[in-house]
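To start, the structure itself, in structure tokens.
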Amino acid sequence: MSIQGIYTIKSNCALTADVFKMVLEGDTSAITASGQFINIQLEGRFLRRPISVCDYDETTITIIYKVVGEGTEQMSALKAGERLDCLVGLGNGYDISKSEKPLVIGGGVGIPPLYNLTKRLIANGQKPIVILGFNTKSEIFYFDEFKALGCEIRVTTVDGSFGTKGFVTDAMDSDYDYFYTCGPMPMFRAIESVAKTSGQFSFEERMGCGFGACMGCSCKTKDGYKRICKDGPVLVREEIVW
Amino acid sequence: MSIQGIYTIKSNCALTADVFKMVLEGDTSAITASGQFINIQLEGRFLRRPISVCDYDETTITIIYKVVGEGTEQMSALKAGERLDCLVGLGNGYDISKSEKPLVIGGGVGIPPLYNLTKRLIANGQKPIVILGFNTKSEIFYFDEFKALGCEIRVTTVDGSFGTKGFVTDAMDSDYDYFYTCGPMPMFRAIESVAKTSGQFSFEERMGCGFGACMGCSCKTKDGYKRICKDGPVLVREEIVW
Amino acid sequence: MVDLSVNFCGMQMDNPVVPASGTFGFGKEFKDFYDINILGSFSFKGTTKDARFGNPTPRIAECKNGMINAVGLQNPGVESVIKNELPELKKFFHKKVIANVSGFSVEDYAYTCALLDKEEQVGILEVNVSCPNVHGGGMSFSTDPACAAEVTRAVKAVTTKPVIIKLSPNVTDIVVIAKACEEAGADGICLINTLLGMRIDTKRRTPVIANKMGGFSGDAVFPVAVRMVYQVSKACNIPVMGCGGVSSAADVIEMMMAGATAVQVGAANLVNPFACKEIIEALPAECERLGIERISDIIGVVD
Amino acid sequence: MVDLSVNFCGMQMDNPVVPASGTFGFGKEFKDFYDINILGSFSFKGTTKDARFGNPTPRIAECKNGMINAVGLQNPGVESVIKNELPELKKFFHKKVIANVSGFSVEDYAYTCALLDKEEQVGILEVNVSCPNVHGGGMSFSTDPACAAEVTRAVKAVTTKPVIIKLSPNVTDIVVIAKACEEAGADGICLINTLLGMRIDTKRRTPVIANKMGGFSGDAVFPVAVRMVYQVSKACNIPVMGCGGVSSAADVIEMMMAGATAVQVGAANLVNPFACKEIIEALPAECERLGIERISDIIGVVD
Ligand SMILES: Cc1cc2nc3c(=O)[nH]c(=O)nc-3n(C[C@H](O)[C@H](O)[C@H](O)COP(=O)(O)OP(=O)(O)OC[C@H]3O[C@@H](n4cnc5c(N)ncnc54)[C@H](O)[C@@H]3O)c2cc1C
Ligand SMILES: Cc1cc2nc3c(=O)[nH]c(=O)nc-3n(C[C@H](O)[C@H](O)[C@H](O)COP(=O)(O)OP(=O)(O)OC[C@H]3O[C@@H](n4cnc5c(N)ncnc54)[C@H](O)[C@@H]3O)c2cc1C
Ligand SMILES: Cc1cc2nc3c(=O)[nH]c(=O)nc-3n(C[C@H](O)[C@H](O)[C@H](O)COP(=O)(O)O)c2cc1C
Ligand SMILES: Cc1cc2nc3c(=O)[nH]c(=O)nc-3n(C[C@H](O)[C@H](O)[C@H](O)COP(=O)(O)O)c2cc1C
Ligand code: FES
Ligand code: FES
């Protein structure tokens with residue numbers, strides 16, 4: 001069950017040229033799964049901005065966001081101590097009961113929700129291999145943080161400036177029994193075409209509400225329509241209509 | 001010639017339950033006469049708020065305003081150090097070349113512009129008598145400040161709780177050769193019906209721009225139409241169509 | 001104590017605040033945020049004869065002080081609404097609900113309304129005529145007085161419940177349409193639905209919304225809504241349900257003074273799920289500030 | 001270097017930014033703030049055959065993200081404009097100006113345009129048809145395609161200058177009206193004029209504006225303007241001057257991608273007298289950010 005609350009910014013700093021990490025303090029009791037998101041109200045913007053939970057504990061939520069437009073630009077200028085109205089605990093999140101040795105595959109700003117997911121998989125005794133795809137070395141973020149979780153991390157860069165040259169799919173040749181992914185649509189299509197197992201994809205869609213009321217974010221699945229914000233953002237491979 | 005500038009709030013404090021005084025710091029070179037006004041941009045409000053200059057010097061502008069709606073409410077919560085975008089030096093202001101022994105008559109929040117006017121009249125060697133009208137004692141503001149200017153001050157209150165009981169017109173029985181007034185329309189009508197000399201009235205009107213561009217504030221005068229914001233707010237008794 | 005109650009088309013409501021169709025689903029998503037029995041009533045998601053997926057996504061675009069939606073009447077169809085949604089709703093909402101009905105032919109409307117007429121939970125039928133008429137070259141029923149009247153008559157013929165017609169603001173003369181509905185037997189008018197708007201993604205050089213254009217609503221449209229509520233309530237003798245850009249108690253009062261008997265809140269619910277609760281809680285103080293003892297006294301008080 | 005120049009109806013402009021009629025007077029009030037020769041051009045205050053005082057005050061109401069005006073076409077009349085305003089303007093504005101003309105009969109329009117046709121400072125005649133037709137029961141010329149076409153023909157007959165017709169958005173089908181004007185010989189279309197809106201002073205229980213209703217404009221109306229510019233530019237073969245809610249360089253680009261060849265800025269000038277200057281200065285960087293080398297390349301680029 002999602003909640004609305006006022007969260008205090010503890011920190012907000014750049015990880016790369018246009019990717020920022022913000023830590024929010026407040027009630028996190030509504031977060032029940034990795035891959036859920038929060039919906040942030042920004043002064044002077046009509047709609048809220050949906051951002052995945054990258055990590056959380058009893059009192060803080062960490063988010064990582066890329067500046068792509070006016071709202072995220074505005075977020076990047078917020079200072080510690082400022083307060084934000086957020087809806088928290090939105091979406092279904094990843095179901096981690098399905099795997100033993102999964103691949104966790106992230107591309108660009110699809111990576112953040114996979115951090116808490118990986119942490120949780122490890123805590124649960126599963127053995128994830130994490131593949132992180134970036135365009136180039138200077139855009140890499142959270143590599144050390146993932147490393148510190150103690151599982152295998154593979155990085156791909158399109159230009160080969162770090163790790164394997166190529167796409168995340170160029171690093172998928174291992175034994176795995178499942179996969180969890182978040183990232184851009186072209187990456188999803190590539191994974192869909194090579195993946196050997198079942199898995200879960202986390203989708204993005206423009207949202208009116210983020211909590212299931214407006215039908216703004218619907219998508220067709222093999223099991224009928226689903227709302228990305230409420231029945232998603234995570235969909236299982238088998239139900240997705242590409 | 002009016003200017004646009006960013007002004008820093010030096011102080012902002014209550015004079016009565018709903019009347020506040022704000023001192024702004026910035027370029028005051030555009031102010032050339034008593035009775036001119038500034039037009040203040042407030043965060044989140046589409047139109048600016050016109051407020052008379054109560055007093056000014058080389059670097060500061062003092063305004064006095066009553067909380068009557070959302071904009072003035074918002075102004076009352078502003079703190080020293082905050083900055084405001086203002087258009088400054090708007091309107092014609094009072095022409096003080098016409099009198100030797102004038103009455104200066106203000107009602108409620110019509111009083112502020114008369115403070116600088118009175119100061120200027122005295123500096124100019126004229127001998128103003130100031131009549132300030134309020135509803136009741138608790139609403140009186142700037143009495144001491146006017147007093148300190150060293151001219152005769154008469155206060156009227158509708159309920160008689162201070163000074164003469166009644167209206168400003170009940171304190172007008174003296175020798176005078178001209179008058180300057182600012183206040184509500186009923187007061188203007190009363191003055192118009194008893195005044196024995198020529199004089200100047202300062203009007204209010206809802207404004208689109210405040211600098212003469214939109215024709216939002218026009219009024220008919222005997223000399224054709226005038227814009228309250230540019231050709232006014234001060235009109236001479238003889239030209240006014242009541 | 002301020003009396004907030006109003007009577008809209010015979011439906012007694014504790015207060016005039018009604019979430020607008022399409023922004024409140026079938027109530028489920030909001031009951032987790034607050035007890036929705038505090039509402040005057042609510043208008044459920046536009047329901048059609050058959051289930052509809054609606055338009056392709058993206059369906060939502062942000063605007064300064066508003067949003068555009070092109071949901072396209074996604075709903076499970078009237079049979080499913082009656083079989084699944086209404087029984088579910090009954091568990092947590094104990095007042096009569098407003099049934100918002102859409103259609104693409106006069107028969108569609110009559111069919112859907114005839115079924116909903118039998119539902120004891122439904123207090124009022126709200127007929128959204130801002131839909132393209134497939135037999136009329138795709139022109140909306142709401143742009144032609146004769147079409148709007150025809151829908152009104154067809155619906156009135158199949159129900160004994162009060163019928164209100166929800167009008168589109170995208171017309172030259174709203175009064176002509178409203179009067180045609182009144183003459184055809186409408187018990188009330190609801191307005192406004194969304195203004196037709198568009199935003200462009202300048203990076204991609206495409207419309208933001210897959211459907212290109214969509215329905216613009218939210219704070220920005222309030223002055224247009226107030227104007228139309230005023231015009232229609234002065235011209236007609238049936239009550240008006242005001243809607244469009246309402247997000248505060250002050251807005252509710254302004255809309256009622258313009259002529260609305262009850263007031264719907266749309267997009268504001270999406271941005272702030274507590275919008276209606278906060279408005280209802282703020283209304284008594286706002287009324288007191290303005291010297292209003294019974295909110296029903298101010299309906300259409302402006303000349 | 002980004003090329004900001006555009007050619008609108010044969011008028012070569014350094015940039016597409018044009019202050020809208022009624023928000024820039026005859027330029028005088030703005031020349032004290034900045035050198036207005038940086039503008040593409042500007043559209044002067046709506047001018048009529050005879051001098052007009054306009055409507056009673058209050059004429060202005062504030063809205064969330066916009067304003068309502070009911071100035072009522074106050075202007076000194078065309079003779080005085082030609083005798084006093086244009087010579088005055090010549091002293092500080094060295095480009096061609098757009099002459100905004102209003103009228104209350106077809107003859108009015110023709111009379112005023114015939115006089116302005118002789119003025120070498122006038123580059124384009126912008127005919128505002130959002131005025132009540134006194135011979136047509138007060139209905140606006142802009143709500144009927146035949147009326148709008150009649151005005152267009154009458155004006156075209158008395159001038160060799162380009163004629164653009166400025167349309168009201170308060171219509172069911174803007175495309176029908178625009179096409180009627182095109183067929184009648186219009187060289188371009190300007191849209192949108194203001195939406196009809198209303199605000200109420202809830203303390204006094206009266207409309208804020210003496211005239212009750214008025215023209216709503218400013219940021220809030222932008223999505224409606226973008227939509228109409230898009231619809232009309234797709235349907236017509238004559239250039240469109242976009243207008244409505246523009247207040248930034250990004251808005252100008254969005255409006256042009258929707259189909260506008262040049263873009264007018266209205267209410268924004270009133271709130272920020274430097275609005276157009278700031279937009280013109282921001283345009284090159286905004287174009288670079290979006291990979292635009294020549295701004296004229298993006299006109300109507302959206303499918
Ligand atoms: C479930 C979910 C989780 C997300 N998690 C993250 C994350 O962890 N990190 C991150 O950087 N980004 C994330 N995004 C994308 C993020 O929401 C957008 O980048 C952001 O809303 C852009 O806002 P803006 O004001 O900067 O852009 P603008 O283009 O100015 O925004 C205009 C409107 O479009 C919406 N919008 C624009 N891009 C997107 C998008 N890609 N998805 C959804 N709405 C969009 C905005 O919310 C706003 O309503 C997520 C999106 C969704 C749906
Ligand atoms: C030339 C001039 C000088 C003024 N000087 C002073 C002064 O020194 N002290 C003072 O307290 N007040 C003064 N006023 C009145 C002051 O402008 C209004 O009280 C103020 O704008 C109200 O804003 P609000 O947001 O609180 O009210 P709201 O009612 O919320 O405002 C809504 C809109 O109406 C306008 N408005 C409301 N009341 C008035 C009014 N009386 N006159 C003009 N516009 C109005 C607002 O500016 C705004 O655009 C002056 C007005 C004018 C025209
Ligand atoms: C996402 C969304 C979906 C809507 N769906 C419907 C609908 O199904 N039926 C209907 O009559 N109106 C629908 N509307 C219109 C609203 O009920 C309301 O008339 C309009 O949004 C204006 O009110 P607002 O400005 O408060 O949003 C919808 C509006 C939105 C924002
Ligand atoms: C105060 C004011 C006066 C206006 N006067 C005229 C006019 O005389 N002639 C005209 O064609 N449009 C007039 N307009 C309409 C504007 O030119 C413009 O079409 C409209 O305001 C929409 O643009 P905006 O949203 O940028 O203000 C006026 C608008 C305002 C705000
Ligand atoms: S965003 Fe409203 S239902 Fe998903
Ligand atoms: S307020 Fe615009 S002309 Fe006076």
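Order of the sequence lines fixes the chain letters, A, B, ..., with proteins taken first and strands second; residue numbering starts at 1 for each chain. The structure displayed is predicted, hence computed values, not measured ones.
- The 12-atom threshold is not exceeded at CD of B:Glu58, counting heavy atoms of other residues, nucleotides or ligands nearer than 6.0 Å.
- A tilted orientation is assigned to the rings of B:Tyr225 and D:Phe53, their planes being inclined by 30° to 60°.
- Using a distance-only test at 3.5 Å, with no hydrogens or angles considered, no donor-acceptor pair links the side chain of B:Lys220 to the main chain of D:Pro56.
- Atom NZ of B:Lys226 has more than 12 neighbouring heavy atoms from other residues, nucleotides or ligands inside a 6.0 Å radius.
- The neighbour count for B:Glu43 CD, taken as heavy atoms of other residues, nucleotides or ligands under 6.0 Å away, does not exceed 12.
- At most 12 non-hydrogen atoms from other residues, nucleotides or ligands lie less than 6.0 angstrom from CD of B:Glu70.
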Go through B:Ser218 and D:Arg59 one step at a time and tell me if the side chain to side chain contact (heavy atoms under 4.5 Å, CB included) criterion holds. CA-CA 9 Å; B:Ser218 296; D:Arg59 296 175 172 183; 3.5 Å; yes
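- Interatomic distance, D:Phe274 CZ to B:Gln4 CD, rounded to the nearest 0.5 Å: 5.5 Å.
- Counting heavy-atom pairs closer than 4.5 Å to chain B, the top residue among D:Asn65, D:Asn69, D:Thr23 is D:Asn65.
- Put simply, the side chain of B:Gln41 reaches to within 4.5 Å of the side chain of D:Val271, judged on heavy atoms.
- Annotation: the span from D:Asp32 atom CG to B:Phe211 atom CZ amounts to 10.5 Å, rounded to 0.5 Å.
- We find that D:Glu62 and B:Arg48 are not joined by a salt bridge, their nearest charged nitrogen and carboxylate oxygen being 4.0 Å or further apart.
- The 12-atom threshold is not exceeded at CZ of B:Phe167, counting heavy atoms of other residues, nucleotides or ligands nearer than 6.0 Å.
- For D:Lys203, the part lying under 4.5 angstrom from a heavy atom of chain B is the side chain only.
- The minimum heavy-atom distance linking B:Ala213 with D:Leu270 is given by the pair CB-CD2, 4.2 Å.
- Across B:Cys214 and D:Ile60, no two heavy atoms sit closer than the pair SG-CD1, 4.4 Å.
- Ion pairing of B:Arg227 with D:Glu29 is present here, as a side-chain N (NZ or NE/NH1/NH2) and a carboxylate O approach within less than 4.0 Å.
- Atom CZ of B:Arg206 sits about 9.0 Å away from atom CD1 of D:Ile209, to the nearest 0.5 Å.
- Residue-environment remark: NZ (B:Lys98) stays at or below the threshold of 12 foreign heavy atoms within 6.0 Å.
- Contacts with chain D were tallied for B:Gly224, B:Gly69, B:Cys219; B:Cys219 has the most, counting heavy-atom pairs under 4.5 Å.
- Contact between D:Gly218 and B:Phe46 at its shortest, heavy atoms only, is CA-CZ, 3.9 Å.
- Atom NZ of B:Lys10 sits in a sparse spot, with 12 or fewer heavy atoms from other residues, nucleotides or ligands closer than 6.0 Å.
- With a 4.5 angstrom heavy-atom cutoff, B:Leu87 touches chain D only via side-chain atoms.
- No side-chain heavy atom of D:Asn75 sits less than 4.5 Å from a side-chain heavy atom of B:Met215.
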